[in-house]
Protein chains: 2
Amino acid sequence: MRTDARENRERILEVARAALGTEPAPTMAAVARAAGVGQGTLYRHFPTWQDLVLEVHRADIADLVAAAPRLLEQLPPIAALAEWLGRLADYGRLKKGLSDAMHTAMRDRLAGEGGHPVTEPIDLLVNAGRADGSIRPDVSGEDVFLLVGFLWRLDLTPDRDERSARLLRIVLDGLRADR
Amino acid sequence: MRTDARENRERILEVARAALGTEPAPTMAAVARAAGVGQGTLYRHFPTWQDLVLEVHRADIADLVAAAPRLLEQLPPIAALAEWLGRLADYGRLKKGLSDAMHTAMRDRLAGEGGHPVTEPIDLLVNAGRADGSIRPDVSGEDVFLLVGFLWRLDLTPDRDERSARLLRIVLDGLRADR
DNA sequence: ACCTGAACACCGTTCAAGT
DNA sequence: ACCTGAACACCGTTCAAGT
């Protein structure tokens, strides 16, 4: 990669990170303008808006993914899942723009057959719970990702934090095998 | 209302109903074109796309809303809620275009303070369940509407019917008070 | 009153022309 | 090799001009 290309890429990510802190869905044109590059340059580096948003949060997503196996060593599966989903909620709360990217990514995932990085840790935790009998056997990680989809729609509510915690508890209770 | 105005309104609804059977989100311009009216006429009758979609399904939504109190006479609250949500799922399955309208309606509802017609019957059923102790007390009808949001994202999956039924069972188990 | 359709202000995306 | 920015094909919405 040429030096100017790398610099442009970095500046685009910097600007996009700042923009996503302010508004949930900045336009591609606005990002290009703020970064001082042509539209074509932005599209060369990030073919879609989703690619851009996911790359902005790449490091944080990696942290989140890496946390799952560590939680599983310290807690029983269902408690680990509860803790992990809580972190996912906190994360979605901080990074406003990611919500829609997650949503559309999941939609595409359901349509096609590609994997989404955020489904992997959920699969890991859910499978552990199924293995030790604490989580009902007829549920997949993808199912859980669908069930917690409300997290991406709580942006605007005033009681967001309390509510997301409460709704997560309801989903987790529904996932338990002991009925 | 003048005769030509009424005729235009009817033709718009007819065309929109047909379009929604084919594609999930026809554009306003396409509907106007197919109905043979100007853009302004379409906007006069239906200020937003959401208004148009909800009006197309008005009669069906009314049926759905009316079913809630009847179910409550015949079944215990939580069984009535299960049955009603099942019908909502069937309904969402048949009327593709309504999904997004529901979604955005709910989003706006959360932002503003207006009520959505579909939240009313859920409120009715949930409150009945809270009253007789079968549903946990810390949950609202709006919460349940958020929890079943996955229904609007199952359009494209092959195992949609089985899956929506399974996920609904999980949510309902989570809503029970007996833990 | 009501309708028309051109016009406005956007959007994502592409691509010929430059460096 | 990479970048620029004009251009294309859209979109929802408005509004002056007609009937």
Side-chain angles (χ1 to χ4, degrees), chain A residues 1-20 22-56 96-108 111-112, chain B residues 1-20 22-56 96-108 111-112:
Chain A
M1 184 134 79
R2 237 168 54 179
T3 316
D4 57 344
R6 186 200 309 281
E7 283 172 358
N8 276 333
R9 193 173 191 282
E10 284 308 311
R11 198 161 58 255
I12 288 168
L13 283 173
E14 200 176 311
V15 164
R17 179 170 283 113
L20 284 167
T22 311
E23 44 180 347
T27 66
M28 293 294 264
V31 170
R33 212 180 310 126
V37 301
Q39 306 256 69
T41 304
L42 173 55
Y43 277 87
R44 164 186 290 271
H45 288 293
F46 306 100
T48 72
W49 181 77
Q50 209 181 110
D51 291 324
L52 176 60
V53 176
L54 289 179
E55 181 58 25
V56 165
K96 317 194 189 207
L98 193 59
S99 303
D100 290 329
M102 288 268 209
H103 182 261
T104 54
M106 194 62 199
R107 180 158 209 130
D108 295 349
Chain B
M1 184 133 80
R2 238 167 51 180
T3 316
D4 56 345
R6 187 199 310 280
E7 283 172 357
N8 275 332
R9 193 174 192 282
E10 285 308 311
R11 199 162 56 254
I12 288 168
L13 283 173
E14 199 176 312
V15 163
R17 179 170 285 113
L20 284 167
T22 311
E23 43 179 350
T27 67
M28 293 293 264
V31 171
R33 212 180 311 127
V37 300
Q39 306 257 68
T41 304
L42 174 56
Y43 277 88
R44 165 186 289 272
H45 289 293
F46 307 99
T48 72
W49 181 76
Q50 207 180 114
D51 291 323
L52 176 60
V53 176
L54 289 178
E55 181 57 26
V56 164
K96 317 193 190 212
L98 193 61
S99 301
D100 290 331
M102 288 267 208
H103 183 261
T104 54
M106 195 61 200
R107 179 159 211 130
D108 295 349

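Every chain is numbered from 1, with letters handed out A, B, ... down the list of sequences. Hydrogens, waters and symmetry mates are skipped; everything else that's a heavy atom, side chains included, is used. Keep in mind that this is a model prediction, so the values were computed, not measured.
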Exercise. Please report, rounded to the nearest Å, how far the P atom of dT13(D) is from the CD atom of Gln50(B).
Key: 11 Å
Exercise. Using whole Å, report how far CG of Leu52(B) lies from P of dG12(D).
Key: 11 Å
Quiz item: With Watson-Crick and G-U wobble geometry limited to distances under 3.5 Å, how should the secondary structure of DNA chain C be encoded in dot-bracket form, using | for bases paired to another strand and [ ] for crossing pairs?
Solution: ||.|||||...|||||.||
Could you pull out the protein-nucleic contacts involving nucleotides 2-4 of chain C (nitrogen or oxygen on both sides, under 3.5 Å)?
unit_1 : atom_1 : unit_2   : atom_2 : d
dC2(C) : O4'    : Arg2(B)  : NH2    : 3.4
dC3(C) : OP1    : Asn8(B)  : ND2    : 2.6
dT4(C) : OP2    : Gly38(B) : N      : 2.9
dT4(C) : OP2    : Thr41(B) : OG1    : 2.7

Self-check item: Nearest-Å distance for atom pair OH/C1', residues Tyr43(A) and dA6(D)
Solution: 15 Å
Quiz prompt | Given Arg11(A), Glu10(A), Arg6(A), the one that forms side-chain hydrogen bond (donor to acceptor under 3.5 Å, both in side chains) with Asn8(A) | solution = Arg11(A)
Self-check item: Nearest non-hydrogen partners of His45(A) and Ile12(A), listed with the distance
Solution: CD2-CD1, 4.1 Å
Practice problem: Return the value, rounded to whole Å, for the distance between atom CZ of Arg33(A) and atom P of dA6(D). | Solution: 13 Å
Exercise. State, with a plain yes or no, whether a side-chain heavy atom of Val53(B) is found less than 4.5 Å away from one of Phe46(B).
Key: no
Under 3.5 Å donor-acceptor pairs involving side-chain atoms of residues 26-42 of chain B, not counting sequence neighbours:
unit_1   : atom_1 : unit_2   : atom_2 : d
Thr27(B) : OG1    : Ala30(B) : N      : 3.1

Exercise. Kindly compute the distance separating CG (Leu13(B)) from CG (Leu20(B)), expressed to the nearest 0.5 Å.
Key: 10.5 Å
Quiz item: Do Glu55(A) and Arg9(A) have side-chain heavy atoms sitting under 4.5 Å apart?
Solution: yes
Self-check item: Protein-nucleotide distance (Met28(A), atom CE; dG5(D), atom C1'), rounded to Å
Solution: 16 Å
